[in-house]
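In this text, all values refer to a predicted model and were calculated from it rather than measured experimentally. The sequence lines fix the lettering, A, B, ..., with proteins before strands; numbering per chain opens at 1.
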2 protein chains.
Amino acid sequence: MQTTPSFSPLYSQIKALILRSLQAGEWKPAEAIPSEMDLAVRYNVSQGTVRKAIDELAAENLLIRRQGKGTFVATHSARQVQTRFLRLAPDSTGADENNPGSDTYAENGKNILVDRTITTCSRERATKDIAKALQLKTGDPVVYIQRVLAYRDGKGQSIPTILEDIWLAGNSFKGLNLERLAESKAPMYAMFEAEFGVNMVRASEKIRAVNPTPEQAKLLKVKLDEPLLRVERIAYTYNDTPIEVRTGLYRTASRHYKNDLQ
Amino acid sequence: MQTTPSFSPLYSQIKALILRSLQAGEWKPAEAIPSEMDLAVRYNVSQGTVRKAIDELAAENLLIRRQGKGTFVATHSARQVQTRFLRLAPDSTGADENNPGSDTYAENGKNILVDRTITTCSRERATKDIAKALQLKTGDPVVYIQRVLAYRDGKGQSIPTILEDIWLAGNSFKGLNLERLAESKAPMYAMFEAEFGVNMVRASEKIRAVNPTPEQAKLLKVKLDEPLLRVERIAYTYNDTPIEVRTGLYRTASRHYKNDLQ
DNA sequence: CAGTGGTCTAGACCACCAA
DNA sequence: TGGTGGTCTAGACCACTGC
């Protein structure tokens, strides 16, 4: 438990080891990892040192601690975090203000408050820009997906609100096609982790205000002069590996992008 | 060190005590607080307990730890964090991509890369909406400020980029007027903390895409159909007290709102 | 009740900084 | 060299969960 380049604290080395196990799939999303005492024995350090390593991973949302139960691998399937990376919230109409995510995916197949329509799903070759963002070479295989999310308003009207163009690193999503996408009722990131073992861990977004192109306007059923939020996201798995590029166009007439600054 | 309602850990009580001292101004921004050992003696707990309390406050950016030197009260004056709450970043033109904040306020008065023009500064009475956001009563005194931020491009051209409407809780900013605003060369939040003892600690933002009103378009020198980011911010001091409402209109032609999701 | 994470302590030692 | 935060340990005890 040494080989220190300049200086790396023990707990930080333990953290790296745990991270390696997560990456290798030794413990899968939603599963419990070994107890602190077990890990302390395994790595031959004190419980306190393991604790600090886990603390950091928990702070980064890679692990979830639950007192009395254990420490679990974070998952996008858990009801509470299904929209972890989607910051578009309904303007507070008093309806479900204190019920985050309630408007997205329902318990059963019936009462769904969001309609997801996939307009495209094809295997393509990375353009220069996409390749750069995904740390691939131009021409490397990617999966391209386009879809529209529509939310039901109070009267049950379905209002197209989000248009997304998605590019995935092809090698990590072999066998992904329109059928498998369409039949999945879970959020996309939950499906990625369940079916492809790809866990999205972190993302960065760049946001601008734009007008839609004619094609985009048609898909979202908005006028050409409607201002829209353009959200460019790069999502990463473990070890800061970029694996998805996603550009979203958001209508913000009755919703807003929510952000907390500290 | 008890009187526990249901159950509150010791370090959490210590945290509250430190917070109270911060709020009371016992230690001012940029000053060092007592050492961990001193605080342990003062509160009659172990160093480890104080440590955990400080850890949390540091994680919330209220305190800054510096190994070998001490623990300091966070400040908006420090060069690194002058734009802590401003997420608008220049599109990476290769220029100063890895130099965050370099384009905002310069070392001396000369090489300033942002022009700040105050167009209004007046004392008014809170409207219903502003009062609600600031947890005041309608008609309570507020300070209203409007200003334009213009950034210099590569050729030294000054390009109006941000238009801000700001409302401040009047009672906390007695004596603030156009003159004092105009003569301050520091960022606004740094000035607030130096001259009014008001330390902004946290903020939440709601972002939408909009078109400018005719007046706004004139101030920003943009066309009426240019899509702009509308950023509604509420900023808080210690103890989650809202003290500022700020609505910003951002041009995003060559800049973007940057956000990291975890 | 046993097992898990959470708290608290006391003490030793290390890394960093300033004088 | 002394003081500060940072690491690591060992052990005791508490709070929560599920059998």
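If you check dC8(C), dA15(C), dG6(C) against the side chain of Pro9(B), the one that comes closest is dC8(C). Comparing atom distances between the Gln67(B) side chain and each of dT9(D), dG5(D), dC16(D) picks out dG5(D) as nearest. Among dC8(C), dG6(D), dC8(D), the nucleotide with an atom closest to any side-chain atom of Glu36(B) is dG6(D). In the set dC8(D), dA15(D), dG6(C), dG6(C) carries the atom at the smallest distance from any side-chain atom of Arg51(A).
With salt bridges taken as basic N to acidic carboxylate O contacts below 4.0 Å, one links Glu195(A) and Arg180(A). For the pair Asp240(B) and Arg202(B), the salt-bridge criterion is met [side-chain N within less than 4.0 Å of a carboxylate O].
At most 12 non-hydrogen atoms from other residues, nucleotides or ligands lie less than 6.0 angstrom from CZ of Arg20(A).
We find that CZ of Arg65(A) is positioned 9 Å from P of dT7(C), with the value rounded to whole Å. Here dG6(D) presents its P atom at 12 Å from CG of Leu63(B), a figure rounded to the nearest Å. Atom-to-atom, CD1 of Ile54(B) to P of dG5(D) comes out at 7 Å; the value is rounded to the nearest Å. Lys69(B) places its NZ atom 15 Å from the C1' atom of dA15(C), with the value rounded to the nearest Å. Rounded to a whole Å, the OH atom of Tyr43(B) is 14 Å from the P atom of dT9(C). Taking atom CD1 of residue Ile14(B) and atom C1' of nucleotide dT9(C), one finds them 14 Å apart after rounding to whole Å. Rounded to whole Å, atom C1' of dG2(D) lies 15 Å from atom CE of Met37(B). One atom, CD1 of Ile64(A), and another, P of dC16(D), lie 19 Å apart when rounded to the nearest Å.
Remark: of the listed residues Phe192(A), Tyr257(A), Tyr189(A), Tyr236(A), Tyr189(A) is the sole one forming a ring pair (Phe, Tyr, Trp, His ring centres under 6.0 Å) with Phe85(A).
Residue Thr49(A) places at least one side-chain N or O under 4.0 Å from the OP1 or OP2 atom of dT9(D). Contact annotation: Thr71(A) reaches the phosphate of dG5(C) (side-chain N/O to OP1 or OP2, under 4.0 Å). Between Lys52(B) and dT7(C), a side-chain N or O to OP1/OP2 separation shorter than 4.0 Å is present. Not one side-chain nitrogen or oxygen of Arg66(B) sits closer than 4.0 Å to the OP1 or OP2 atom of dT4(D).
Ser12(A) OG to Phe7(A) CZ: the interatomic distance, rounded to the nearest 0.5 Å, is 9.0 Å.
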